[in-house]
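Take a look at the structure below.
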Protein chains: 2
Amino acid sequence: MRLNDSDKSSSATRGAIRAVAEEMYAENGIDGVTTRALAERAGVNMAAVNYHYGNKDNLTMAVFRDVAHRTVQRRLKNLARIDATAQAEGREPTLPEIVEAFVDAYVNEDTPRTGVLLAHLVLQHRVRPSAWTRAIVREELDDFAITYMGFMRRAAPHLTEPEIHWRYHLMVGAVMMSLSDQARDGRMANLSKGLVHPEDRREFKDQLVAFLVDSLGHRRAPGGG
Amino acid sequence: MRLNDSDKSSSATRGAIRAVAEEMYAENGIDGVTTRALAERAGVNMAAVNYHYGNKDNLTMAVFRDVAHRTVQRRLKNLARIDATAQAEGREPTLPEIVEAFVDAYVNEDTPRTGVLLAHLVLQHRVRPSAWTRAIVREELDDFAITYMGFMRRAAPHLTEPEIHWRYHLMVGAVMMSLSDQARDGRMANLSKGLVHPEDRREFKDQLVAFLVDSLGHRRAPGGG
DNA sequence: TCGACTTTCAAACATACGTTTCAAACATGC
DNA sequence: GCATGTTTGAAACGTATGTTTGAAAGTCGA
């Protein structure tokens with residue numbers, strides 16, 4: 001028996017566990033997945049999870065670290081492209097451009113579960129922060145946040161430095177909550193009696209971008225009152 | 001032994017349980033409070049929880065239903081006052097007015113834990129919906145949402161009907177997440193290296209209102225692109 | 001075919017939690 | 001003061017979960 005998992009990467013069992021974990025986390029949330037249910041659905045013995053991943057937290061962390069990493073990479077690529085275009089045209093990136101670069105990872109066709117999974121991670125970290133959620137947020141997401149705020153600064157130069165921070169976090173909050181509502185066919189569809197369709201990627205993207213661009217586009221008098 | 005709790009309302013034990021539950025839910029989150037820890041901190045036997053409340057879910061539901069109810073009542077009162085003033089002046093309520101009516105329940109001095117608790121409820125409902133979270137959301141919050149959207153419609157007549165729904169939910173999402181960050185001395189304070197102070201009620205309110213008013217104040221071209 | 005290593009499996013294990021039990025303490029009306 | 005109903009208390013219970021165990025099965029090179 002080996003505890004080091006560096007050599008077990010090609011096992012079919014290991015892969016099945018990983019794939020099913022991602023599915024189930026997206027469907028049931030992080031606390032809603034038990035080792036037993038996971039093993040059964042993957043057609044695998046329960047002990048295999050511990051054999052291949054050491055323990056359940058390790059598996060969970062692997063899944064979500066990967067999701068976070070892929071999301072950030074995609075966004076950084078988007079931002080780099082936008083930056084290049086803007087520079088070539090002798091201007092700064094625009095707000096709609098950078099907002100779209102942010103939400104793209106969620107509304108994109110080829111990464112269907114990404115948004116829901118990342119929302120689960122972030123909400124879990126808020127509802128019940130743990131060692132592994134903290135680790136992922138710090139190691140995979142924090143740097144990107146700083147980078148993104150740099151772009152916000154350039155695209156919305158009227159915002160003060162505190163406003164940049166506040167609005168970045170408010171923006172992330174709005175997006176995460178809307179993703180979690182989209183996930184479990186939710187409150188919004190319900191209250192609107194079918195008027196809005198959160199599961200429609202196009203509508204989702206349009207409404208999200210519109211809201212976010214507006215929310216970043218103007219400045220109030222500071223200190224107000 | 002009585003299972004009906006209508007007569008046990010005046011017990012000191014019952015009150016202690018309830019008070020400590022509210023404290024602990026605000027501090028540790030909903031899943032972070034065990035019957036044992038609660039009983040110990042309240043200086044009460046574990047069985048008292050079940051004796052006075054039937055079971056733990058009942059207690060939790062009582063706490064959060066009350067928080068939700070009080071929040072909604074306060075907001076309705078705010079909106080009624082705003083409406084009266086506006087009508088007297090022959091105009092519609094303004095966006096800053098109705099946004100402030102919304103966030104007031106959280107930034108107010110005399111209800112310090114309200115915001116954090118309600119955020120825990122809403123996030124819990126998203127992360128892990130259960131019978132009792134669903135019941136509270138439906139019975140205490142949904143009606144208010146409809147009412148509030150009515151005010152949004154009047155204060156922001158340029159928004160289409162779907163936009164009203166989308167932006168209400170995006171707005172709620174942003175607020176809930178910012179409250180949960182304020183709660184556990186959080187990511188925002190951290191990333192900004194002390195530049196912003198989410199625990200400062202005044203700053204919190206100003207930034208929140210500014211963000212929300214902007215996010216509701218303008219309309220993008222629908223369908224975009 | 002053998003032997004060493006890896007992987008799978010059913011079962012047992014440890015633990016944390018909400019809940020129940022039942023007797024003791026308490027309160028209250030007569 | 002006693003009988004009756006209420007509240008408290010320590011301990012036991014049931015259950016769900018992640019984890020460990022030890023043997024069986026599989027893999028593969030010599």
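Nothing here was measured: the structure is a model prediction, and the numbers come from that model. Labels below follow one simple rule: chain letters A, B, ... track the order of the sequence lines, proteins then strands, and each chain is numbered from 1.
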Item to complete: Would you kindly give the CD1-to-C1' distance between A:I17 and C:dT8, to the nearest whole Å?
Response: 11 Å

Discussion item. Please tell me if A:T35 has a side-chain N or O lying less than 4.0 Å from either OP1 or OP2 of D:dT17.
Written reply: no

Practice prompt. Send over the distance from B:W132 CH2 to C:dG18 P, rounded to a whole Å.
Written response: 13 Å

Worksheet item: Among all residues two or more places apart in sequence or in another chain, which pass the side chain to side chain donor-acceptor pair (under 3.5 Å) test with B:D142?
Response: A:R187

Worksheet item: Taking atom C1' of C:dC17 as reference, at what distance in whole Å does atom CE of B:M24 sit?
Response: 14 Å

Worksheet item: Can you tell me how far C1' of D:dG18 sits from OH of A:Y53, to the nearest Å?
Response: 17 Å

Fill in: Residue list, side chain to side chain donor-acceptor pair (under 3.5 Å) with B:E40, at least two apart or on another chain
none

Worksheet item: To the nearest angstrom, how far is B:N55 atom CG from D:dC13 atom C1'?
Response: 17 Å

Worksheet item: Tell me the salt bridge (charged side-chain N to carboxylate O under 4.0 Å, His left out) pairs involving residues 110-120 of chain A, sequence neighbours left out?
Response: A:E22-A:R113, A:R74-A:D110

Practice prompt. Ignoring backbone atoms, establish whether A:N50 has a side-chain N or O less than 4.0 Å from OP1 or OP2 of D:dT19.
Written response: yes

Discussion item. Does D:dT6 have its OP1 or OP2 closer than 4.0 Å to a side-chain nitrogen or oxygen of B:H52?
Written reply: no

Item to complete: Would you indicate, yes or no, if C:dT8 has its OP1 or OP2 atom less than 4.0 angstrom from a side-chain nitrogen or oxygen of A:T13?
Response: yes

What are the atom names and distances for every N/O pair under 3.5 Å that joins the protein to nucleotides 11-14 of chain C?
none

Worksheet item: Donor-acceptor pair, A:T34 side chain versus A:A37 backbone, under 3.5 Å?
Response: yes

Fill in: By side chain to side chain donor-acceptor pair (under 3.5 Å) - contacts of B:E161 (at least two apart)
B:R153

Item to complete: Provide, to the nearest angstrom, the distance between the CG atom belonging to B:L59 and the P atom belonging to C:dC17.
Response: 16 Å

Practice prompt. Among the candidates D:dT8, C:dG18, C:dT7, find the nucleotide nearest to the side-chain atoms of A:Y51.
Written response: C:dT7

Discussion item. Check the orientation of B:H169 and B:H165. Use parallel for under 30°, tilted for 30 to 60°, and perpendicular for over 60°.
Written reply: parallel

Item to complete: Measure from CG on A:N28 to P on D:dT17 and round the result to the nearest Å.
Response: 12 Å

Discussion item. What is the separation between atom CG on A:L38 and atom C1' on D:dG18, rounded to the nearest whole Å?
Written reply: 12 Å

Discussion item. Applying side chain to side chain donor-acceptor pair (under 3.5 Å), can you list everything that pairs with B:T60, at least two apart in sequence or on another chain?
Written reply: B:Y25

